[in-house]
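Just so it is clear, the structure is predicted and the values come from calculations on it, not from any experiment.
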Amino acid sequence: MPSWLKDAVFYEIYPQSFYDTNGDGIGDLKGIEEKLDYVKSLGCNALWINPCFDSPFKDAGYDVRDYKKIAPRYGTNEDMAHLLTTAHEKGIKVLLDLVPGHTSEEHQWFVESKKAERNEFSDRYVWTDFAFAGIPDHPYIGGESERGGCYMLNFFKCQPALNYGFGKVQYPWQKSYDSPEAIATREALKDTMRFWLDMGCDGFRVDMADSLVKDDEDGKPYTSLIWKNIREMLDQEYPDAALVSEWCDPPHALPAGFHMDFLLDHTGDCYNELLREYEAEDENNQPLKEGENEEERRTKIDHSYFKASSDGHISAFLRNYMNYYYGSKESGYMSLLTCNHDTPRAKRTLTDDELKLAYAFIFTMPGVPFLYYGDEIGMKYLNIPTKEGGYHRTGSRTPMQWNHEKNFGFSTADEKDIYLQQDKSADSPTVEDQEADENSLLNTVKAVISLRHEHEDLQADGSFSVIHASTNDRTFVYRRGKLVIAVNPSLNEEKISLDDVTESNAIYSIGSALIADSVLDIKPQSFVVFNF
């Protein structure tokens, strides 16, 4: 386990939307480098940079055309090397985004794989052996190559699935997970990883990490074998390199070789219960009732824990979280996040005051937390047209809002050339405004992250236990080592009996609370840390 993960707090950067230095309306690597001091000022000491490799950008870079080349719109390989060096000088680690399950249809491997003549790359992707033979239970494309077969897709039409074999071979064209063809794909992936690790990157966030072996068994045992093999390589050759998976099943992902696994908003992963837990009618996009607007309905049926006016209890979150925690804590770290490039920004449903409590909770829980760019100032989710395959995700990918200069300080380009439109509302947040306001969301985030760095008990491997969680009230009390933390997101003052907790003074608070005679008295919308 890389020791630096113990005190790591990550900042996720969507490169095309962070900071533009050449005036073309798209963020770039030099822009990230120029803003490293800002990242450090937040207390973040690690970055996750979304895909920045050469791509036709039909899926915002998750359709890689060349794994070993930086996309020209972001800069050059030399720019990446310089960014990595500068980040390390400032004490910041950098993870790149690895897309192992598929490439772009324009990748040279796939160009060769489509050819009728057998070649080195014929089996790099999943192909049937007949032009009119489909692929049961999987999306596929036929009739677009001179080769007589159909090929499997991993996501969009532009993303053919790489061949890591099948868990159960049922047809002559399928390769086993341990076949030479599958092993060759795994070794090609390791070659890509070595390329960037040798340049100085500190590891990878792995996209769709559990998707490699097709028709795998429950728990993905054969996909796990691939990652275990890769982890062996890392432990031997790059022992300080870290892997975080988009697997969303820590008890399986972490033993498979990952150091961290995200808790995302997948069904049953308990993330939604914190920030946006809606009734089924909203999730199913039922028609609005007469006189009802979308925001009114969302507020009315929102049961998320941190919504002050909701009826949500922390027990809904803990039901799955504790199973994940006990099932994985010996293997690695779970990662809670404020949001990411695929999820609606939390500001879509929560106010800044509600976000302060939510983020304070996220940054004081065990595991390695991730902060998505712009969440620290409460950037909004915008209902805007799709861009580069974003669809509903596009509204969480808008350019960073730095100040009140042209294009919010993101770029000097004409507005029409900006990557995505920005929030023009009267209360649109900026870094500049919030840095000047001591009570801002931004300064709250800085304070809580600083508290995490200051107290080892709050870091990734610090102990965690539940003191109070009930469906009779909305207060949650938990222990991290010598620290006891209480959060009350509701609009009501609450008093909670705490049998094992005596008098104590708060060392950090949003709102207020006190403990006396083994009773916690916590005011509405409060988050308080006590030291015992």
Side-chain angles (χ1 to χ4, degrees), residues 10-40 42 44 46-87 90 92-99 104 196 199-207 244 246 337 339-343 345 370-376 379 387-390 393-402 407-413 417-422 431:
F10 277 87
Y11 190 72
E12 179 191 351
I13 291 178
Y14 196 66
Q16 50 267 64
S17 292
F18 194 58
Y19 187 56
D20 169 26
T21 61
N22 62 7
D24 65 355
I26 295 177
D28 44 52
L29 296 184
K30 289 183 178 179
I32 295 174
E33 185 172 339
E34 284 194 23
K35 295 296 185 180
L36 287 175
D37 285 339
Y38 169 75
V39 172
K40 191 171 183 178
L42 296 172
C44 294
L47 294 179
W48 158 26
I49 301 176
N50 290 116
C52 49
F53 309 128
D54 183 44
S55 168
F57 290 100
K58 294 179 181 179
D59 186 21
Y62 285 94
D63 50 327
V64 179
R65 184 164 51 199
D66 187 338
Y67 281 116
K68 296 183 179 180
K69 178 183 177 183
I70 293 296
R73 75 184 195 179
Y74 298 138
T76 65
N77 284 20
E78 289 72 24
D79 291 332
M80 174 56 78
H82 197 270
L83 167 60
L84 294 170
T85 297
T86 305
K90 296 178 182 293
I92 298 173
K93 304 287 188 179
V94 182
L95 300 191
L96 301 182
D97 211 322
L98 184 68
V99 187
S104 164
W196 295 107
M199 185 178 288
C201 95
D202 300 288
F204 302 92
R205 175 268 186 181
V206 180
D207 181 66
V244 57
E246 185 189 36
L337 64 167
C339 165
N340 72 9
H341 61 290
D342 284 335
T343 64
R345 288 193 184 270
F370 282 69
L371 172 63
Y372 185 50
Y373 84 97
D375 278 356
E376 70 272 21
M379 279 180 57
K387 176 88 171 200
E388 296 182 349
R393 305 171 298 177
T394 308
S396 294
R397 302 175 176 185
T398 57
M400 184 65 172
Q401 296 164 194
W402 296 102
N407 302 315
F408 290 95
F410 164 69
S411 172
T412 59
D417 296 323
I418 297 298
Y419 176 69
L420 286 172
Q421 69 186 65
Q422 294 172 284
V431 171

Please list all pairs meeting salt bridge (Lys or Arg N to Asp or Glu O under 4.0 Å) that have one or both residues in residues 63-77, counting only residues at least two apart or in different chains.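 Those involving residues 63-77 are Asp54-Arg65, Arg65-Glu106, Lys68-Asp191, Arg73-Glu388.
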Would you say [X] and [Y] make side-chain contact, with heavy atoms under 4.5 Å?
X	Y	value
Arg205	Phe370	no
Leu42	Tyr11	yes
Asp375	Leu337	no
Ser396	Thr343	no
Asp342	Arg397	yes
Thr398	Ser17	no
Ile26	Tyr74	yes

[atom2] on [Y] to [atom1] on [X], rounded to 0.5 Å:
X	Y	atom1	atom2	result
Ile70	Met199	CD1	CE	7.0 Å
Thr412	Asp20	OG1	CG	6.0 Å
Leu83	Ile32	CG	CD1	6.0 Å
Asp28	Gln16	CG	CD	11.0 Å
Asn50	His341	CG	NE2	5.0 Å
Lys387	Thr394	NZ	OG1	9.5 Å

Verify, without hydrogens or angle tests, whether Glu33 (side chain) and Gly31 (backbone) share a donor-acceptor contact under 3.5 angstrom.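 Answer holds: no.
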I'd like to know if the side chain of Gln422 reaches the main chain of Asn407, judged simply by a donor and an acceptor atom lying under 3.5 Å from each other, with no hydrogens or angles considered.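 Between the backbone of Asn407 and the side chain of Gln422 there is a qualifying donor-acceptor contact (under 3.5 Å).
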Applying side-chain contact (heavy atoms from CB on, under 4.5 Å), can you list everything that pairs with Thr76, at least two apart in sequence or on another chain?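 Thr76 satisfies side-chain contact (heavy atoms from CB on, under 4.5 Å) with Glu78, Asp79 only.
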Partner set under side-chain contact (heavy atoms from CB on, under 4.5 Å) for Pro51, not counting sequence neighbours: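 Pro51 satisfies side-chain contact (heavy atoms from CB on, under 4.5 Å) with Tyr62, Asp97, Val99 once adjacent residues are dropped.
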For Trp402, the option from Phe410, Phe18, Phe408 that meets ring pair (Phe, Tyr, Trp, His ring centres under 6.0 Å):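 Only one of Phe410, Phe18, Phe408 forms a ring pair (Phe, Tyr, Trp, His ring centres under 6.0 Å) with Trp402, namely Phe18.
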Which residues pass the ring pair (Phe, Tyr, Trp, His ring centres under 6.0 Å) test with Phe53, sequence neighbours left out?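 Ring pair (Phe, Tyr, Trp, His ring centres under 6.0 Å) check on Phe53 returns Trp196.
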Mind checking ring pair (Phe, Tyr, Trp, His ring centres under 6.0 Å) for Tyr372 and listing every partner two or more places apart, or none if nothing turns up?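 So Tyr372 forms no ring pair (Phe, Tyr, Trp, His ring centres under 6.0 Å) with any residue.
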Would you say the ring centroid of Trp48 lies under 6.0 angstrom from that of Tyr373?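 Ring-ring flag for Trp48/Tyr373: false, centres at least 6.0 Å apart.
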Does atom NZ of Lys30 have more than 12 heavy-atom neighbours from other groups under 6.0 Å away?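 At most 12 heavy atoms, drawn from other residues, nucleotides or ligands, come within 6.0 Å of this atom.
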Sequence-distant partners of Tyr19, side-chain hydrogen bond (donor to acceptor under 3.5 Å, both in side chains), two or more places apart: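 Tyr19 satisfies side-chain hydrogen bond (donor to acceptor under 3.5 Å, both in side chains) with no residue once adjacent residues are dropped.
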Minimum heavy-atom distance between [X] and [Y], given as atom pair plus value:
X	Y	value
Ile92	Cys44	CG1-O, 4.4 Å
Asp24	Ala413	C-CB, 4.1 Å
Cys201	Leu84	N-CD1, 3.5 Å
Cys339	Arg345	SG-CA, 3.7 Å

Check step by step if side chain to side chain contact (heavy atoms under 4.5 Å, CB included) holds for Ile13 and Lys35. CA-CA 11 Å; Ile13 291 178; Lys35 295 296 185 180; over 6 Å; no
